[in-house]
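So you know, we letter chains A, B, ... as the sequences are listed, proteins then strands, and number each from 1. This one's a predicted model, so the numbers in the text were calculated from it and none came from an experiment.
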Number of protein chains: 2
Amino acid sequence: MELRHLRYFITVAEEGHITRAAERLGMQQPPLSQQIRALERELDVQLFRRKPRGVELTDAGTAFLERARSILEEVDRAFATARRTARGEQGRVVVGFTGSAPFHPFVPRVIRAFREMYPLVSLVLEESGSSELVQGLHNEDIDAAFIRSPVADVVGLVVKPLLEEDMLVALPAGHALARETEDRALPLSALANEIFILYKRPGGPGLYDTIITACRGAGFSPRVGQEAPRIISTLNLVAAGLGVSVVPASLRRLQMDGVVYRRLSGSAELKAPLILACRPGENSAAVQRFLDLVQRPAESVASDN
Amino acid sequence: MELRHLRYFITVAEEGHITRAAERLGMQQPPLSQQIRALERELDVQLFRRKPRGVELTDAGTAFLERARSILEEVDRAFATARRTARGEQGRVVVGFTGSAPFHPFVPRVIRAFREMYPLVSLVLEESGSSELVQGLHNEDIDAAFIRSPVADVVGLVVKPLLEEDMLVALPAGHALARETEDRALPLSALANEIFILYKRPGGPGLYDTIITACRGAGFSPRVGQEAPRIISTLNLVAAGLGVSVVPASLRRLQMDGVVYRRLSGSAELKAPLILACRPGENSAAVQRFLDLVQRPAESVASDN
DNA sequence: ACCTATCGATATTTGATAGATATGCCTCGT
DNA sequence: ACGAGGCATATCTATCAAATATCGATAGGT
């Protein structure tokens with residue numbers, strides 16, 4: 001059996017008339033009669049009762065008609081699905097991000113834009129640590145990740161800097177340096193005697209190294225206090241008065257009681273990058289759409305905090 | 001597109017290898033390659049990535065594979081449905097019966113047997129008055145009906161007597177005739193002075209006429225009291241002491257408080273028939289199965305009450 | 001690094017079969 | 001009774017699926 005038989009059968013059933021159906025199908029009556037008979041022979045079921053004026057569905061024919069229609073519909077749907085999947089309009093994209101990434105407005109903005117442009121793509125979001133994200137990319141558990149800094153084991157991954165943002169110092173509310181006018185930039189060297197609460201990623205260098213290096217550049221070697229497993233937890237420690245921290249500017253959105261942010265000056269190298277990591281080649285079209293969308297406006301949006 | 005393309009596609013997807021798939025399909029590799037390409041061309045979607053050793057589904061191909069499989073399954077189901085419907089193993093049968101019919105064990109027995117033999121046929125049961133049932137047969141609302149007596153407007157319907165059963169007299173519990181030993185038959189003439197509560201069917205002769213005729217044959221003209229719209233309601237009136245009634249023997253199963261049944265003698269013609277009515281020709285196979293099943297064992301079961 | 005086996009693509013031929021043409025036969029309506 | 005309408009049958013044609021032969025690319029062995 002072929003779909004042709006179903007198409008013919010449906011038309012004949014709808015017309016109740018082989019000759020008219022043949023006309024509608026753009027063919028002659030005899031071959032249509034033959035194909036219908038061939039279908040009946042294969043089914044070993046009489047689908048039509050031949051009447052002197054036209055044909056009429058048998059009960060078996062009626063039952064078959066329903067099914068035949070739904071089969072053709074499903075064929076159409078299968079076509080549409082394949083095409084949409086090929087075009088990246090349908091499918092699944094798993095996006096990972098570190099805890100600090102979504103605070104930069106770029107990330108939620110681009111995710112929202114993607115959902116609007118490709119509503120049929122199911123977008124799975126996963127927050128996790130940078131090393132887990134990199135691992136996830138290798139395992140093909142995730143397709144793309146927003147991370148904060150170049151990672152060690154990114155060999156075999158594509159890493160694209162999206163934007164850089166300034167870093168702020170986060171001070172406990174009662175701190176001496178927090179009393180000054182907030183919007184005046186603080187020289188990094190002013191923090192020489194502070195205890196630093198830093199986010200230390202287990203596997204490889206992150207913002208940690210960036211900060212240490214910047215401090216050295218400002219002429220002091222920072223005293224590092226407690227380390228926290230996630231950026232947000234460092235702020236909890238700052239709020240508790242255990243020290244100061246240096247965090248990406250977008251974290252300012254996270255208004256925590258007991259934490260005051262101040263801009264830093266004289267440390268041009270103290271920037272927090274936002275990086276997109278993905279697997280090279282072999283990405284599904286939907287993933288490719290996502291990557292394109294993320295990178296295209298990245299330049300224009302750039303660092304508008 | 002034809003089902004052939006789907007069959008080929010699925011096999012290639014499963015083998016990941018065109019040459020092996022061709023082998024499994026009992027054909028050569030080049031035509032299979034061509035058909036796959038033709039499918040891709042029609043879809044305008046690449047379904048396979050050609051690798052040096054075999055082929056590999058693309059994401060679109062994976063999405064399409066699922067659908068393709070379910071389409072072929074649905075085709076199989078459509079075939080099975082058509083065949084079963086043709087054989088009468090699937091479909092719908094609407095059976096009507098008058099209120100008194102199901103009390104004869106033959107009716108529930110045959111219905112149960114049908115359900116067991118043809119579990120895929122949805123059997124709809126409808127209790128209704130004889131004239132409504134006849135009307136329903138004409139309107140094609142019902143396919144077969146168990147009725148009690150030859151009906152007037154059965155023209156155009158097939159009417160098949162299934163069995164005959166004796167009739168009993170139903171007496172009020174306190175009645176003089178009810179005091180005698182119950183299992184001794186009562187001559188019909190003994191009821192000469194009783195008031196008869198009879199079921200009077202609006203459209204045509206029924207048991208009503210049978211009873212009147214039998215009484216005349218026994219030498220008296222019955223005094224007819226209240227008439228009830230359904231046989232069972234006559235028994236309510238009997239229980240209330242408003243008179244006696246004559247009902248099919250199977251109604252004995254309906255043990256009502258205040259009603260006593262006695263056999264009748266000397267009235268061979270006083271029989272209650274059970275009749276199967278249906279439309280001539282043009283019945284669905286499932287209905288035909290039902291009619292066959294009802295009539296085949298009807299002779300053997302006959303009148304075992 | 002080269003050579004060879006593997007496997008898909010391409011080119012050409014063959015064959016099956018869907019479809020066209022011509023005609024027959026049955027039924028209904030006039 | 002006759003003609004028109006409509007499906008079936010018979011025969012022919014053309015298309016397209018499949019077979020055969022060959023090419024080309026790649027991976028893996030030596």
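There is no side-chain donor-acceptor pair under 3.5 Å between B/Ser284 and B/Gln288. Between the side chains of B/Glu66 and B/Thr62, not a single donor N or O lies within less than 3.5 Å of an accepting N or O. For the residue pair A/Glu74 / B/Ser70, a side-chain donor-acceptor distance below 3.5 Å is found, with atom types taken as modelled. Using modelled atom types, one finds a donor on one side chain and an acceptor on the other under 3.5 Å when comparing A/Ser100 with A/Arg148.
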For residues 90-97 of chain B, please give each side-chain donor-acceptor pair under 3.5 Å, one per line with the distance, not counting sequence neighbours.
residue, atom, partner, partner atom, Å
B/Gln90, OE1, B/Arg84, NE, 2.9
B/Gln90, OE1, B/Arg84, NH2, 3.3

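Take A/His5 and apply the side-chain hydrogen bond (donor to acceptor under 3.5 Å, both in side chains) test, not counting sequence neighbours, and it matches A/Gln35. Legend: residues meeting side-chain hydrogen bond (donor to acceptor under 3.5 Å, both in side chains) with B/Arg49, ordered by chain and number and at least two apart, are A/Glu282, B/Glu56.
Taking the six-membered ring where the residue is Trp, the centroids of A/Phe290 and A/Tyr118 are separated by 6.0 Å or more.
Taking a cutoff of 4.0 Å between a charged side-chain nitrogen and a carboxylate oxygen, A/Glu2 and A/Arg7 do not qualify as a salt bridge. Using a 4.0 Å cut-off between charged side-chain N and carboxylate O, A/Glu89 and A/Arg83 make no salt bridge.
Taking atom CZ of A/Arg37 as the reference point, atom P of C/dT17 lies 18 Å away to the nearest angstrom. One atom, CG of A/Leu25, and another, P of C/dA20, lie 10 Å apart when rounded to the nearest Å. In this structure, CG of B/Leu3 is placed 14 Å from P of C/dA18, rounded to the nearest angstrom. A/Lys51 places its NZ atom 20 Å from the P atom of D/dG5, with the value rounded to the nearest Å.
Around the CZ atom of A/Arg115, the shell of radius 6.0 Å holds no more than 12 heavy atoms that belong to other residues, nucleotides or ligands.
Taking side-chain N and O atoms only, A/Arg50 has no distance below 4.0 Å to OP1 or OP2 of D/dG6.
Listed by residue number, A/His17, A/Ile18, A/Thr19 are the residues of residues 14-23 of chain A with a heavy-atom contact under 4.0 Å to DNA chain D.
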What protein N or O atoms touch nucleotides 14-16 of chain C N or O atoms at under 3.5 angstrom, if any, and at what distances?
none

Original post:
Where along nucleotides 13-25 of chain D does protein come under 4.0 Å, by heavy atom, of base (B) or sugar-phosphate alone (S), with - for untouched nucleotides?
Top reply: ----SBBBB----
